[in-house]
Amino acid sequence: MKLIAADRNRDMKDQFRIQKDNIDENRIKTSVKRQNDGPRKKKKIRSKPIIVLGSFYCVLFVALIGYICNYAYKNKQVLLNNSYNTRQQILLNQNYRGKILSRDGDVLAYTTTDENGKDKRVYPYDKEFAHVVGYSTNGKAGIESAANYYLINTSIDLQDKVKLDAQGSKYPGDNVYTTLDVNLQEVAYNALSARKGAIVVSNPKTGEILAMVSKPDYDPNTIAAEWDSMIADTSPDAKLLNRATQGLYPPGSTFKIVTALAYLRDHQSSYQNYKFNCNGHFSYEGNTISCFHGENHGSVDFASSFAKSCNSSFANMGLDVKRATFDDTLDDLLFNTELPLTMNYAKSSAVYNSSTTSDDVMQLSIGQGTTSVTPIHMNMITCAIANDGVLMKPYLVSSVKSETGKVVKNFSSESYKRLMAKNEADILRGMMEEVVQKGTASKLKGLSYTAAGKTGSAEYNSSTSDSHAWFTGYAPAEDPEICVTIIVEDAGSGGSYAVPIAKRLFDAYFDAE
């Protein structure tokens with residue numbers, strides 16, 4: 001019996017041990033399963049935001065790289081021209097600067113090698129194209145700066161490069177063909193003579209700049225030797241300043257184009273009924289405006305006020321134009337804003353807002369006071385009038401070719417913006433014709449061609465005897481081909497000093513056809 005009981009106890013212990021082992025085994029399996037399943041589940045939960053965040057940064061990185069590549073491609077010329085970019089010097093060690101040529105193929109700048117094997121830039125016309133062609137020593141200016149990217153790159157064929165490599169010679173840079181006319185440039189240069197000032201000649205239908213002169217000038221052939229003295233010069237000469245694009249002047253009566261346009265817009269149905277009696281001066285709220293040299297113009301209407309350049313009448317007109325209309329007109333004619341130019345320029349300024357006093361309005365209306373404009377800007381406004389209100393984007397470079405004549409890039413005329421409606425331009429053109437036929441630019445009357453324009457005598461201090469002479473106009477009047485803007489500093493009347501220069505330029509243009 002005891003043996004049977006012992007066996008039973010042993011069997012029960014074995015069963016209990018087996019059950020315990022099964023329970024432990026199940027616990028181990030469960031633990032292992034938890035170890036296997038649990039972390040994996042947690043890992044999956046943790047990796048989801050990491051993947052999302054990683055994907056976001058990858059997309060952001062790709063977008064940034066794409067933006068940088070796109071910016072670098074679109075602005076490759078600006079980036080290359082940066083003074084900190086050493087690639088310029090690398091290219092110049094491999095290539096020499098290409099030529100700059102006129103519209104007819106006359107060489108305006110080229111590179112030669114001196115006895116020491118050093119590249120030397122040569123300007124055959126000396127001072128005549130100084131500011132517009134510019135220089136490439138001690139920095140760059142003019143076309144030398146604007147077209148630098150093309151001038152220091154080369155587009156010759158590989159076989160030509162191999163030949164030059166065998167000779168140990170540099171590659172020729174690409175040649176830049178400009179819109180400049182040598183004959184008109186020489187006439188403008190000589191007409192301005194020893195006086196300070198600027199001249200811009202352009203084609204209103206295409207935007208081509210045919211001539212650009214600024215005086216005082218410098219010789220780009222000797223600029224390296226004279227650089228320090230020119231930089232140290234504190235006189236008003238400012239020889240390095242291109243007065244055509246950077247010179248800010250009171251526009252004087254040429255600004256009456258702007259005032260006339262603002263008045264037209266504000267009195268569309270009644271401007272023809274305008275009447276004013278000029279006795280040589282006009283007073284309003286204790287402020288007085290006088291006509292040039294106190295001239296008495298008598299009874300004038302809208303058109304004759306413009307033709308005779310009556311300050312009194314235009315001061316009266318200016319006060320009769322709504323502020324918003326005048327301000328919008330200034331905006332439309334690109335005052336206080338950027339201009340579509342590739343060379344360095346200064347912004348023109350004309351302010352008419354809620355704080356402008358009546359005296360300031362009177363001064364603004366005749367182009368005096370704080371109003372200032374560059375000759376190139378006044379030329380652009382005149383070109384828009386001559387081209388039915390549409391401004392063509394001014395440009396100086398017509399094409400780029402390799403030394404072997406392969407076309408690298410062509411530039412063509414491009415419409416920039418409509419500055420005024422066609423009917424507004426038509427009215428202004430009729431008034432500018434009257435300036436020649438019955439007004440202050442009568443020296444352009446009775447010639448083999450017709451002309452139209454506006455003169456100006458811009459006072460620049462309290463003395464009415466100290467004034468700049470302006471003229472801006474075009475020819476032929478019925479179908480404009482050439483637009484001329486002239487300022488002669490401290491010369492007096494525009495009709496006496498600027499108009500004769502315009503005649504010389506018009507004569508040269510039409511005689512050459």
Side-chain angles (χ1 to χ4, degrees), residues 81 83 88-89 91-92 95-116 118-152 172-201 209-233 235 237-247 341-345 375-376 396-397 400:
N81 288 339
S83 58
Q88 283 194 65
Q89 192 55 49
L91 286 171
L92 286 172
N95 314 324
Y96 60 82
R97 292 180 76 81
K99 302 184 188 76
I100 298 176
L101 303 100
S102 73
R103 65 190 299 112
D104 296 319
D106 300 284
V107 178
L108 308 180
Y110 67 93
T111 298
T112 187
T113 305
D114 62 19
E115 60 275 8
N116 299 318
K118 185 178 179 180
D119 289 346
K120 181 182 179 182
R121 200 65 167 162
V122 179
Y123 301 91
Y125 287 89
D126 299 328
K127 297 181 178 183
E128 287 184 15
F129 290 85
H131 291 91
V132 64
V133 169
Y135 54 83
S136 60
T137 305
N138 296 84
K140 298 175 184 66
I143 296 172
E144 290 277 29
S145 174
N148 182 58
Y149 175 84
Y150 299 107
L151 291 166
I152 64 177
D174 292 334
N175 298 325
V176 170
Y177 287 77
T178 70
T179 60
L180 295 169
D181 183 297
V182 170
N183 182 44
L184 289 175
Q185 183 78 12
E186 289 182 333
V187 171
Y189 183 85
N190 293 328
L192 204 50
S193 189
R195 287 192 174 275
K196 297 177 184 178
I199 297 174
V200 179
V201 184
I209 295 177
L210 306 177
M212 182 182 289
V213 172
S214 174
K215 289 192 178 185
D217 51 27
Y218 59 88
D219 188 344
N221 291 299
T222 59
I223 193 170
E226 299 173 356
W227 183 262
D228 290 339
S229 61
M230 283 195 288
I231 292 298
D233 185 12
S235 72
D237 286 353
K239 293 181 179 180
L240 293 175
L241 180 75
N242 184 351
R243 284 164 160 78
T245 61
Q246 297 171 293
L341 296 171
T342 56
M343 16 188 1
N344 291 333
Y345 67 90
I376 186 71
L396 275 163
V397 176
V400 179

[Y] backbone acceptor or donor facing [X] side chain under 3.5 Å:
| X | Y | answer |
| --- | --- | --- |
| Lys120 | Asn221 | no |
| Arg97 | Glu144 | yes |
| Lys215 | Ser193 | yes |
| Asn95 | Ile152 | yes |
| His131 | Gly142 | no |
| Gln185 | Met212 | yes |

For the residue pair Ser102 / Asp104, report whether a side-chain donor-acceptor contact shorter than 3.5 Å exists.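 The answer is no; no qualifying pair exists.
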Measure the [atom1]-[atom2] distance between [X] and [Y] for me, rounded to the nearest 0.5 Å.
| X | Y | atom1 | atom2 | value |
| --- | --- | --- | --- | --- |
| Leu151 | Lys140 | CG | NZ | 10.0 Å |
| Glu226 | Asn138 | CD | CG | 11.5 Å |
| Leu240 | Asp217 | CG | CG | 10.5 Å |
| Thr222 | Asp126 | OG1 | CG | 8.5 Å |

Does the side chain of [X] reach to within under 4.5 Å of the side chain of [Y], using non-hydrogen atoms?
| X | Y | answer |
| --- | --- | --- |
| Leu180 | Ile143 | yes |
| Asn242 | Asn344 | no |
| Leu101 | Thr178 | no |
| Ile209 | Leu396 | yes |
| Tyr123 | Ser136 | yes |
| Val182 | Tyr125 | yes |
| Pro216 | Arg243 | yes |

Do you know which two heavy atoms are closest between [X] and [Y], and how far apart they sit?
| X | Y | answer |
| --- | --- | --- |
| Ala244 | Val213 | CB-O, 4.3 Å |
| Leu108 | Pro124 | O-CD, 3.3 Å |
| Leu241 | Gln246 | CD1-CB, 3.5 Å |
| Met230 | Ile223 | CE-CG1, 3.4 Å |
| Pro220 | Ala130 | CD-CB, 4.3 Å |

Just to verify, what does Tyr135 make a ring-ring contact (aromatic ring centres under 6.0 Å, His included) with, not counting sequence neighbours?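 By the ring-ring contact (aromatic ring centres under 6.0 Å, His included) rule, Tyr135 matches Tyr218, Trp227.
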Taking it one step at a time, do Thr113 and Tyr96 satisfy side chain to side chain contact (heavy atoms under 4.5 Å, CB included)? CA-CA 9 Å; Thr113 305; Tyr96 60 82; over 6 Å; no
Apply side chain to side chain contact (heavy atoms under 4.5 Å, CB included) to the pair Val200 and Thr245, showing each step before the final yes or no. CA-CA 9 Å; Val200 179; Thr245 61; over 6 Å; no
Pairwise salt bridge (charged side-chain N to carboxylate O under 4.0 Å, His left out) hits with a residue in residues 186-197, at least two apart: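 Non-adjacent pairs meeting salt bridge (charged side-chain N to carboxylate O under 4.0 Å, His left out): Lys196-Asp237.
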